[in-house]
Each structure stands twice: as structure tokens, then as C-alpha cells.
Amino acid sequence: MESKCGFGGASEAIVDGYNGFATRNDAEALAESALQVFSDDLLAARLSEGAVVTARQFGPEAMASRVLDVYREAMNAPRLQREVQLVRG
């Protein structure tokens, strides 16, 4: 569960109803969402499955791959290619 407080990486990862709940930033809303999950085994299982899939998308291997993709893209940018040619002469 994530509170809608407007900061942090959780807002990138939480998909309301798929891998958690996006709740208001107050104790009552958090308690409501928690009680929903605790009282519904199917909901808890579905959220757990979604959380596992999401965790893989944000795991170290996936994040490293994304960083490498950004570096590769930067290395192939036309401006950088021109600069490298200028440096090499």
C-alpha cells in the first residue's frame, strides 16, 4: 500500500488494485486498505502476484539493463558522435 503523498519511488511502482493500493495519506485510509487485504484471501493473492511481477520489473538486473540502454543511447547520439570525431581529429 502506498499513500498518495506525492513523492518517492513507490508511486512509480504501485498500480492501484494490481500490486497494492494507492490510498490517501492518512491512517484511516491505510487501515481500510489493510483490512480489505486481510479479509479477502483472493485479493491478497492477486496483489501478491502483481507485486512479484512488479518487483522483477524494478529488480537490480532490470534496472541495470535500463541504465545500460540509456548509456548506449547517449553514446549513439549524433551530437556525441560529432564530438568524438572532433576529439579524434
Side-chain angles (χ1 to χ4, degrees):
M1 285 166 271
E2 176 224 2
S3 64
K4 291 186 177 182
C5 53
F7 65 89
S11 60
E12 253 183 70
I14 300 298
V15 178
D16 192 38
Y18 172 71
N19 58 9
F21 289 122
T23 65
R24 293 184 319 276
N25 192 18
D26 64 64
E28 187 176 323
L30 181 59
E32 266 180 46
S33 294
L35 286 172
Q36 234 183 317
V37 175
F38 295 147
S39 64
D40 186 338
D41 290 341
L42 291 175
L43 174 62
R46 190 179 81 235
L47 293 175
S48 282
E49 289 175 23
V52 168
V53 170
T54 302
R56 287 188 186 117
Q57 294 171 347
F58 288 91
E61 293 86 8
M63 296 307 289
S65 178
R66 289 184 189 143
V67 169
L68 289 173
D69 288 345
V70 169
Y71 289 159
R72 286 185 194 106
E73 187 176 326
M75 293 298 295
N76 290 319
R79 179 176 176 203
L80 183 62
Q81 293 296 319
R82 287 191 304 273
E83 304 253 343
V84 168
Q85 288 172 354
L86 289 173
V87 170
R88 289 184 180 163

Heavy atoms only: give me the nearest [X]-[Y] pair and the separation to one decimal.
| X | Y | result |
| --- | --- | --- |
| T23 | S33 | CG2-OG, 2.9 Å |
| A62 | R56 | CB-O, 3.5 Å |
| Q57 | M63 | O-SD, 4.2 Å |
| F21 | L47 | CE1-CD1, 3.9 Å |

*Backbone N or O of A13 within a donor-acceptor pair of the N19 side chain at under 3.5 Å?*
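Yes, because the side chain of N19 sits within donor-acceptor range (under 3.5 Å) of the backbone of A13.
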*Do S65 side-chain atoms and E61 backbone N/O form a donor-acceptor pair below 3.5 Å?*
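Not at all, since once roles are kept as given, no pair shorter than 3.5 Å links the two residues.
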_Between D69 and R72 (salt bridge meaning N to carboxylate O under 4.0 Å), is one present in this structure?_
yes
*So how far is it from L35 CG to D40 CG, rounded to the nearest 0.5 Å?*
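Reported to 0.5 Å precision, the distance equals 12.0 Å.
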*Quick one: are T54 and V15 in side-chain contact, heavy atoms under 4.5 Å?*
no
